[in-house]
Amino acid sequence: MADVAVVRADVLAWFDVHARDLPWRAPDRTPWGVLVSEVMLQQTPVVRVEPAWRAWLERWPTPGDLAAAPTSDVLRAWDRLGYPRRALRLQECARTVVERHGGVLPDDEATLLALPGVGPYTAAAVRAFAFGRRSVVLDTNVRRVLARLVAGEALPAPAQTAAETRLAAAWVPDDDATAARWSAASMELGALVCTARSPRCDACPVADRCRWLAAGRPGDLHAHRRRTQAWTGTDRQARGRVMALLRDALGPVPHDAVAAVWPDATQLARCLDALVADGLVARDDAPGDAPDPDAATYRLPH
DNA sequence: AACACGGGGCC
DNA sequence: GGCCCAGTGTT
């Protein structure tokens, strides 16, 4: 246990020197800005989020601003960050904050967790990074750092386990300020040094206490169970093509023009139905008594 | 517990 | 071409 305190102190000291100057860490950031950054960073790398975050917060600085925006503007501003449902949920989140909390982001974890698009990670991250309070922030970086440092494994299990959560909680310092710094520091170590692909153990502040390094950096135990998500020819690729088309369109797009971006008509029809059901796309039927899918037009929702 | 869900960059 | 990225919501 004394070991934990020493390792933690070394990581914190490393963070004091090596922390990146990210805009959502600047002194003038707002809690809402922190939440926006966390949602954008859900599966999108920092380098791509940074410029998008600056433009987004300049355009919609508060929950009230985003709540009042046309959804089509929100989806266009999201651009190619990926998983556009996050943009939709971020606006729903803004509207919920306005309606339920008077436009002020709540600071307790359970209330944050109840917001659209906010799951266990984001609720804990906002609690720590926006409000400086103790929480167990367990993302892919922290999972990997602890897997190597403590468990001596190359990578964490594909799915997060209860044991991991307990371990992570045991590593979070008791007091709010240090806990929040530890959360940022352990994530940063995973992002900059203890990376998934080619870890820079020579630059690691706790390399001398790392069980994985001591064991000679053995390979991934779970490699045989990991299954990469398919991409080419999938519904996700088809949906992406449609969204890109509608983002760039100035007005409603006729069905024929939509069909031109995807060769498989059956698959496209299924994806369009799903996009409409998800609220990412609006379909306007042509005037007449029998709605004809081929005569409909498509656009981003208002 | 398993799946669906974008997009880009790196090895 | 496989792998990874500050995950969430649904089934």
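Letters A, B, ... are given to chains in the order of the sequence lines, protein chains preceding strands, and every chain is numbered from 1. Since the structure is predicted, the reported quantities are computational estimates derived from the model, not experimental observations.
In terms of position along DNA chain B, the nucleotide closest to A/Ala159 lies nearer the 5' end than the nucleotide closest to the other residue of the pair A/Pro45 and A/Ala159. In this structure, A/Leu155 and A/Gly117 both approach DNA chain C, and ranking their closest nucleotides by distance from the 5' end singles out A/Leu155.
Side-chain N or O atoms of A/Trp53 include none that pairs as donor or acceptor with a backbone N or O of A/Leu57 at under 3.5 Å. Judged purely by atom type and a 3.5 angstrom limit, A/Arg247 has no side-chain atom pairing as donor or acceptor with the backbone of A/Arg76.
At C/dG7, none of the side-chain N or O atoms of A/Thr122 fall inside 4.0 Å of OP1 or OP2 (strictly under the cut-off). Contact annotation: A/Gln43 reaches the phosphate of C/dG7 (side-chain N/O to OP1 or OP2, under 4.0 Å). A sub-4.0 Å separation between OP1 or OP2 of B/dG7 and a side-chain N or O of A/Thr44 is absent. OP1 or OP2 of B/dG7 sits under 4.0 Å from a side-chain N or O of A/Arg247.
Rounded to whole angstrom, the span from the CD atom of A/Gln160 across to the P atom of B/dA2 amounts to 15 Å. In this structure, A/Arg236 places its CZ atom 9 Å from P of B/dG7, rounding to the nearest Å. To the nearest angstrom, P of B/dC5 lies 10 Å from CD of A/Gln267. Atoms CH2 (A/Trp231) and P (C/dC5) sit 18 Å apart, rounded to a whole Å. One can place CD of A/Glu50 at 18 Å from P of B/dG8, the figure rounded to the nearest angstrom. The distance from atom CZ of A/Arg270 to atom P of B/dA4 is 11 Å, rounded to the nearest whole Å. As a whole-Å value, the separation of A/Arg144 CZ from C/dA6 C1' is 11 Å. Atom CD in A/Gln42 sits roughly 5 Å away from atom C1' in C/dG7 (whole-Å rounding).
Heavy atoms of A/Leu35 sit nowhere under 4.0 angstrom from any nucleic acid atom. At a threshold of 4.0 angstrom between heavy atoms, the contacts of A/Asp278 with the nucleic acid are absent. Among the atoms of the strands shown, only primed sugar atoms or phosphate atoms (P, OP1, OP2) are found under 4.0 Å from some heavy atom of A/Ala196. Residue-level contact check: A/Val118 touches the backbone only, with heavy atoms under 4.0 Å from sugar-phosphate atoms and none from bases.
Side-chain to base pairing of A/Arg48 with B/dG8: no donor and acceptor N or O lie closer than 3.5 Å to each other. The base of B/dC11 does not come close enough to the side chain of A/Arg197 for any donor and acceptor atom to sit less than 3.5 Å apart.
In the model, A/Arg25 has no side-chain atom that pairs as donor or acceptor with a side-chain atom of A/Ser37 under 3.5 Å. Side chain to side chain, A/Glu153 and A/Trp212 fail the donor-acceptor criterion of an N or O pair below 3.5 Å. Between the side chains of A/Thr122 and A/Gln42, at least one donor N or O lies within less than 3.5 Å of an accepting N or O. The closest side-chain donor-acceptor pair between A/Thr232 and A/Gln237, if any, does not fall under 3.5 angstrom.
Separating the P atom of B/dA4 from that of C/dA6 is a span of 23 Å, rounded to the nearest Å. Taking atom C1' on both C/dT10 and B/dG7, the two are 22 Å apart, rounded to the nearest angstrom. When the P atom is used for both B/dG8 and C/dT8, the distance is 23 Å, rounded to whole Å.
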Atom pairs and distances, side-chain donor-acceptor, residues 100-108 of chain A, under 3.5 Å, sequence neighbours left out:
unit_1	atom_1	unit_2	atom_2	d
A/Asp108	OD1	A/Thr111	OG1	2.7
A/Asp108	OD2	A/Thr111	N	3.2
A/Asp108	OD2	A/Thr111	OG1	2.8

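A salt bridge links A/Arg54 to A/Glu50: one of the charged nitrogens lies within less than 4.0 Å of a carboxylate oxygen.
DNA chain B is contacted by A/Arg80, A/Leu81, A/Gly82, A/Tyr83, A/Pro84, A/Arg85, A/Arg86 of residues 78-101 of chain A, taking any non-hydrogen atom closer than 4.0 Å.
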